[in-house]
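A quick write-up on the structure given underneath.
Note on naming: letters A, B, ... go to the chains in the order of the sequence lines (proteins, then strands), and numbering restarts at 1 for each one.
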Protein chains: 2
Amino acid sequence: MPSRDHLLLNLAVDLVILTVREDKLHVLVVERGHEPYTGQLALPGGFLRQGEDLKAAAERELEEETGLKSVRHFHLEQLATYGEPERDPRGRVVSVAYLAIAPNLPVPTAGSDARAAHWAPVAEVSGALAFDHGRILSDGLERARSRLEYTTLAAVFCGSSFTIGDLRKVYEAVWGTTLDPRNFSRKVTGTKDFILPTGDSRAPDTGRPAALYRRGPAQTLYPPILRNGSSGS
Amino acid sequence: MPSRDHLLLNLAVDLVILTVREDKLHVLVVERGHEPYTGQLALPGGFLRQGEDLKAAAERELEEETGLKSVRHFHLEQLATYGEPERDPRGRVVSVAYLAIAPNLPVPTAGSDARAAHWAPVAEVSGALAFDHGRILSDGLERARSRLEYTTLAAVFCGSSFTIGDLRKVYEAVWGTTLDPRNFSRKVTGTKDFILPTGDSRAPDTGRPAALYRRGPAQTLYPPILRNGSSGS
DNA sequence: ACAAAAGTGTTCAATTTACACCCATGG
DNA sequence: CCATGGGTGTAAATTGAACACTTTTGT
């Protein structure tokens with residue numbers, strides 16, 4: 001047995017769940033109901049259960065917190081593991097953080113055990129989170145920003161069908177920049193299997209209707225779409 | 001206490017330690033002396049101790065396995081965490097893997113408790129490792145390959161002073177490609193603070209002496225040096 | 001007709017690739 | 001003087017940024 005003279009500890013799984021609402025990047029946070037950090041905001045999470053895989057635990061928490069069944073279509077990837085001895089005042093807790101990307105979904109009020117879970121603009125909670133969750137959020141944001149450069153992840157932020165303008169607004173919200181709509185359009189339509197036309201189109205309040213697309217099978221972007229690229233129009 | 005009705009488990013730290021020897025990429029492996037997987041090769045690692053930080057545990061294992069003190073100059077970064085319930089037949093063990101990059105150092109025979117630790121060409125051990133260490137190695141290799149594109153990590157594979165040809169051979173060994181020496185030379189000398197001339201030079205067996213360089217302060221490469229780039233001469 | 005958003009064409013600059021050519025040394 | 005690896009020059013091809021301009025709708 002490996003446990004004879006070695007440390008036994010609790011393993012938590014914490015989630016950075018991101019979405020774009022009203023053209024701004026939001027993260028799902030919960031208000032803490034117990035000590036420590038009572039009343040403060042924190043990332044949703046929970047403890048690993050007997051016989052449970054790490055990713056399965058993350059999926060379970062994701063479902064519980066968002067109150068949604070469609071979680072299988074979200075993006076979920078391991079972010080990093082945080083194990084500073086003093087990170088939790090209750091005792092030794094090592095936390096495996098996951099990054100989840102969700103489309104713009106209904107506010108998770110009615111959901112299951114969602115203890116005051118709600119979407120908050122990342123700009124408002126940065127620096128106000130319990131434990132070391134500020135650091136975890138920061139790492140999650142950097143990972144998401146990087147993923148948008150090299151993978152087709154941005155389309156996961158959109159629903160089942162979206163316009164190129166919707167997709168561009170995701171890039172702008174996550175990166176905090178503006179992009180040239182004309183060059184952006186060419187870049188994404190020029191990358192094979194990134195987005196596929198549905199045939200339909202959608203009219204905005206005013207202006208020419210935009211073609212609708214859905215996710216294609218591509219996972220990586222070649223060539224990548226880099227930040228520090230062309231500033232906006 | 002968070003541990004009341006939750007799973008307690010052992011946390012291991014495993015290491016993917018890479019170096020380049022004789023123009024080939026090598027990984028440090030140990031021959032297992034106990035069950036399970038007795039006699040098989042595995043990645044070096046050990047269990048987390050009371051009050052010990054994850055990265056500190058990785059540094060401790062790195063020193064123990066290589067038998068070297070100069071470990072502080074190595075590169076050490078967290079890779080990923082592996083927690084499948086059945087990954088260790090002895091019981092529930094979650095492992096945090098770290099990636100270490102070492103210069104070409106003396107064989108770690110004499111070192112401390114090094115239980116048959118030795119360098120093995122990655123091509124020879126891939127698929128022959130105990131536990132899920134094949135997967136961990138594979139993830140570590142991909143991370144290292146990617147790091148060479150966007151960071152100055154390659155210089156860590158070299159010693160305190162090296163020629164541009166040495167540095168190029170690192171890229172070729174890690175990526176398994178050949179690169180044009182002339183364009184490569186310009187790329188690295190054109191990236192500010194990547195490498196700094198020492199003023200000395202070193203003569204090869206035959207041919208013009210090459211200028212010697214040392215690591216510069218830069219951490220990231222802009223522009224990056226991409227794989228799938230120009231094939232060799 | 002006009003405002004607004006979608007999308008195309010085109011130009012100029014920066015970067016990358018390929019390779020001819022020169023440099024410095026040991027045998 | 002020749003083989004070998006180090007290093008520079010340079011032209012062609014590719015890519016990327018910038019932006020004028022056309023398209024298509026609602027009011």
Side-chain angles (χ1 to χ4, degrees), chain A residues 22-23 148-150 158 161-173 175 177-192 194-213 221-233, chain B residues 22-23 148-150 158 161-173 175 177-192 194-214 220-233:
Chain A
E22 294 154 6
D23 298 346
L148 257 55
E149 297 187 299
Y150 302 108
C158 302
S161 82
F162 52 87
T163 69
I164 294 181
D166 295 336
L167 191 64
R168 178 171 47 83
K169 286 190 173 80
V170 167
Y171 275 88
E172 294 178 338
W175 285 350
T177 59
T178 58
L179 297 171
D180 185 309
R182 301 159 289 188
N183 291 335
F184 181 83
S185 177
R186 250 175 311 210
K187 276 187 181 174
V188 298
T189 53
T191 302
K192 196 166 176 319
F194 183 7
I195 58 174
L196 303 174
T198 66
D200 291 333
S201 65
R202 192 179 66 196
D205 291 347
T206 172
R208 166 175 169 178
L212 284 171
Y213 296 84
L221 287 184
Y222 232 76
I225 300 177
L226 300 171
R227 303 176 254 195
N228 71 288
S230 62
S231 46
S233 52
Chain B
E22 294 156 6
D23 298 345
L148 258 54
E149 296 187 299
Y150 302 108
C158 303
S161 81
F162 50 89
T163 69
I164 294 182
D166 294 337
L167 192 63
R168 178 171 46 82
K169 286 191 173 81
V170 167
Y171 275 89
E172 294 178 339
W175 284 350
T177 58
T178 59
L179 297 170
D180 186 308
R182 300 159 291 186
N183 291 335
F184 181 83
S185 177
R186 250 173 313 207
K187 276 188 181 172
V188 297
T189 54
T191 301
K192 197 167 176 316
F194 183 7
I195 57 173
L196 303 173
T198 66
D200 291 332
S201 67
R202 192 179 67 197
D205 290 348
T206 172
R208 166 177 169 178
L212 284 171
Y213 296 84
R214 58 185 175 82
T220 59
L221 287 184
Y222 231 76
I225 300 177
L226 299 172
R227 301 175 256 193
N228 71 287
S230 61
S231 47
S233 53

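Checking the phosphate oxygens (OP1, OP2) of C:dT15, no side-chain nitrogen or oxygen of B:Lys187 falls inside 4.0 Å.
Atoms OG and CG, on A:Ser185 and A:Leu179 in that order, are 12.0 Å from each other to the nearest 0.5 Å.
In this structure, A:Ile195 places its CD1 atom 13 Å from C1' of C:dA6, rounding to the nearest Å. Taking atom CG of residue A:Asp23 and atom P of nucleotide C:dA5, one finds them 12 Å apart after rounding to whole Å. Atom CZ in A:Phe184 sits roughly 16 Å away from atom P in D:dA18 (whole-Å rounding). The CZ-P distance, from A:Phe162 to C:dA5, rounds to 20 Å in whole Å. A:Leu179 places its CG atom 16 Å from the P atom of C:dG7, with the value rounded to the nearest Å. Between B:Ile225 atom CD1 and C:dT15 atom C1' there is a gap of 14 Å when expressed in whole angstrom units. In this entry the distance linking CD of A:Glu149 with P of D:dG16 reads 13 Å, nearest Å. The separation between A:Tyr222 atom OH and C:dT16 atom C1' is 13 Å, rounded to whole Å.
Taking every heavy atom of both residues into account, B:Arg227 and B:Glu149 meet most closely at N-OE2, 3.0 Å. Taking all atoms of both residues into account, the shortest heavy-atom contact from A:Lys187 to A:Thr191 is O-OG1, 3.1 Å. Here the closest heavy-atom approach between residue B:Asp23 and residue B:Lys169 is recorded as OD1-CD, 3.1 Å.
Projected onto DNA chain C by closest heavy-atom contact, A:Asp166 and B:Arg186 fall at different nucleotides, the more 5' of which corresponds to A:Asp166.
Applying the ring-ring contact (aromatic ring centres under 6.0 Å, His included) rule to B:Tyr171 yields the partners B:Trp175, B:Phe184; only residues at least two apart in sequence or on another chain are considered.
Aromatic ring centroids of A:Phe194 and A:Tyr222 lie 6.0 Å or more apart.
In this structure, the nucleotide among D:dT25, D:dT8, C:dT25 sitting nearest to the side chain of B:Ser185 is D:dT8. Listed candidates were C:dA6, C:dT25, D:dG7. Nearest to the side chain of B:Pro209 is C:dT25.
Within residues 200-207 of chain B, the residues having any heavy atom closer than 4.0 Å to DNA chain C are, in order of number, B:Asp205, B:Gly207.
In this model, a side-chain donor or acceptor of A:Asn183 finds a partner on the base of D:dA18 within 3.5 Å.
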Could you list, one pair per line, each protein nitrogen or oxygen that sits under 3.5 Å from a nitrogen or oxygen of nucleotides 20-22 of chain C, together with the distance?
{"unit_1": "C:dA20", "atom_1": "N7", "unit_2": "B:Arg182", "atom_2": "NH1", "d": "3.4"}
{"unit_1": "C:dA20", "atom_1": "N6", "unit_2": "B:Arg182", "atom_2": "NH1", "d": "3.3"}

- Intermediate values then yes/no, side chain to side chain contact (heavy atoms under 4.5 Å, CB included), B:Tyr213 and B:Thr163: CA-CA 6 Å; B:Tyr213 296 84; B:Thr163 69; 5.8 Å; no
In residues 195-211 of chain A, what donor-acceptor pairs under 3.5 Å come from side-chain atoms, sequence neighbours left out?
{"unit_1": "A:Thr198", "atom_1": "OG1", "unit_2": "A:Asp200", "atom_2": "N", "d": "3.2"}
{"unit_1": "A:Thr198", "atom_1": "OG1", "unit_2": "A:Leu212", "atom_2": "O", "d": "3.3"}
{"unit_1": "A:Arg202", "atom_1": "NH2", "unit_2": "A:Asp166", "atom_2": "OD1", "d": "3.1"}
{"unit_1": "A:Arg202", "atom_1": "NH2", "unit_2": "A:Asp166", "atom_2": "OD2", "d": "2.7"}

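The side-chain heavy atoms of A:Ile225 and A:Val188, taken from C-beta on, include a pair separated by under 4.5 Å.
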